[in-house]
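Computation of the quantities below employed the complete heavy-atom set of this structure, encompassing side-chain atoms and omitting hydrogens, waters and symmetry-equivalent molecules. Here is how names work: the chains are called A, B, and so on, in the same order as the sequence lines, proteins then strands, and each is numbered from 1.
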Protein chains: 2
Amino acid sequence: MHPQYRSDLLKMAEIFKVLGDPNRLHILSLISHQELCVCEITSILNISQSNASQHLARLRSVDLVKERRNAQWIYYSLNQDAFPLISEILQSLPDVSIELKKIEDLPNHQKCKI
Amino acid sequence: MHPQYRSDLLKMAEIFKVLGDPNRLHILSLISHQELCVCEITSILNISQSNASQHLARLRSVDLVKERRNAQWIYYSLNQDAFPLISEILQSLPDVSIELKKIEDLPNHQKCKI
DNA sequence: TTAGCATATTCGCATATGCTGATGAGAGAT
DNA sequence: ATCTCTCATCAGCATATGCGAATATGCTAA
């Protein structure tokens with residue numbers, strides 16, 4: 001097998017490995033609609049801050065997300081340039097618009113002053 | 001979160017987890033062009049028979065492949081109905097047609113009488 | 001500067017994964 | 001029935017992964 005082919009396969013496999021987790025799929029689906037800071041993602045997914053941050057690190061490692069710092073907050077959004085099929089994949093997931101509408105009602109949202 | 005949403009995410013994540021391995025991507029790419037028996041896949045990927053069989057079991061577990069028995073041989077092919085985007089994903093992988101043309105030249109191909 | 005909040009990183013643990021080697025199950029040939 | 005070939009499964013191991021707890025870093029405001 002050609003070395004170039006092998007490395008292409010490895011890179012694609014790495015991307016799918018990152019997609020192979022329900023929490024990361026959920027995060028991608030959310031930030032494909034609008035950028036969100038880590039505390040919002042943490043609240044919506046109902047996971048620990050550490051866990052959310054680790055998932056975001058994995059998404060960063062394959063360049064699937066863009067980040068923008070604003071004061072203490074880091075806003076994440078989908079990087080559609082990294083993997084052309086990513087948008088179509090995310091569109092095949094269930095709708096998350098209800099969750100996005102409810103951001104203000106989240107229990108610990110007061111800790112996250114947007 | 002809705003339970004149905006969660007199970008959908010889990011199912012999608014499971015599919016991507018299966019896609020998240022270079023050998024399995026390679027197998028899928030090969031059998032998306034033509035059906036192959038296990039010994040051919042083993043030869044092309046240059047992995048052990050046990051390893052190939054285990055990868056095929058993973059692909060079967062999420063219904064990504066179809067199998068057809070013919071005497072001792074079991075021929076695997078892509079199941080395009082399981083995951084609508086699978087064909088597009090596989091088309092984004094490097095070309096495998098050269099490997100398919102060389103099946104007859106493989107070292108231990110005599111053990112696999114097509 | 002200090003305090004407080006948002007985020008990242010490290011550590012440790014339980015579980016999952018990929019692989020090899022050995023064994024088992026089916027199907028044909030003799 | 002016996003042998004051989006194809007394929008599946010099991011056992012065992014090294015490594016990877018997902019998570020919580022603790023800690024570190026970075027920013028703002030007082």
Atom-pair distance ([atom1] on [X]; [atom2] on [N]), nearest Å:
X: A/Asn70; N: D/dG26; atom1: CG; atom2: P; result: 18 Å
X: B/Phe16; N: C/dA16; atom1: CZ; atom2: C1'; result: 20 Å
X: A/Trp73; N: C/dA8; atom1: CH2; atom2: C1'; result: 17 Å
X: B/Gln49; N: D/dC5; atom1: CD; atom2: P; result: 14 Å
X: A/Asn46; N: D/dG18; atom1: CG; atom2: C1'; result: 16 Å
X: B/Leu45; N: C/dC19; atom1: CG; atom2: P; result: 10 Å
X: A/Ile47; N: D/dA21; atom1: CD1; atom2: P; result: 14 Å
X: A/Arg58; N: D/dC19; atom1: CZ; atom2: C1'; result: 13 Å

Can [X] and [Y] be counted as having a side-chain donor-acceptor contact under 3.5 angstrom?
X: A/Arg60; Y: A/Tyr76; answer: yes
X: B/Arg69; Y: B/Tyr75; answer: no
X: B/Ser87; Y: B/Gln80; answer: yes
X: B/Ser50; Y: B/Gln54; answer: yes

Query raised in the report: Got a donor-acceptor pair under 3.5 Å from the side chain of A/Ser50 to the base of D/dA21?
Result: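 Donor-acceptor pair under 3.5 Å: yes.
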Query raised in the report: Do B/Gln54 and C/dT20 have a side chain to base donor-acceptor pair shorter than 3.5 Å?
Result: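 When only heavy-atom distances are counted, B/Gln54 does reach the base of C/dT20 through a donor-acceptor pair under 3.5 Å.
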Respond yes when some side-chain nitrogen or oxygen of [X] is under 4.0 Å from OP1 or OP2 of [N], and no when none is.
X: B/Ser53; N: D/dC7; value: no
X: B/Arg69; N: D/dC7; value: no
X: B/His55; N: C/dT17; value: no
X: A/Asn51; N: D/dC19; value: yes
X: A/Tyr76; N: C/dA8; value: yes

Requested in this report: With the side chain of A/Val38 defined as its heavy atoms from C-beta on, choose the nearest nucleotide among D/dC27, C/dT7, C/dT20.
Outcome: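 Among D/dC27, C/dT7, C/dT20, the one nearest the side chain of A/Val38 is C/dT7.
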Query raised in the report: Start at the 5' end of DNA chain D and walk down; is the nucleotide closest to A/Gln72 or to B/Gln72 reached first?
Result: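 The 5'-side residue here is B/Gln72.
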Query - Pairwise distance CD1(B/Ile31) to CG(B/Leu59) - rounded to 0.5 angstrom - result: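 One finds 6.5 Å between CD1 of B/Ile31 and CG of B/Leu59.
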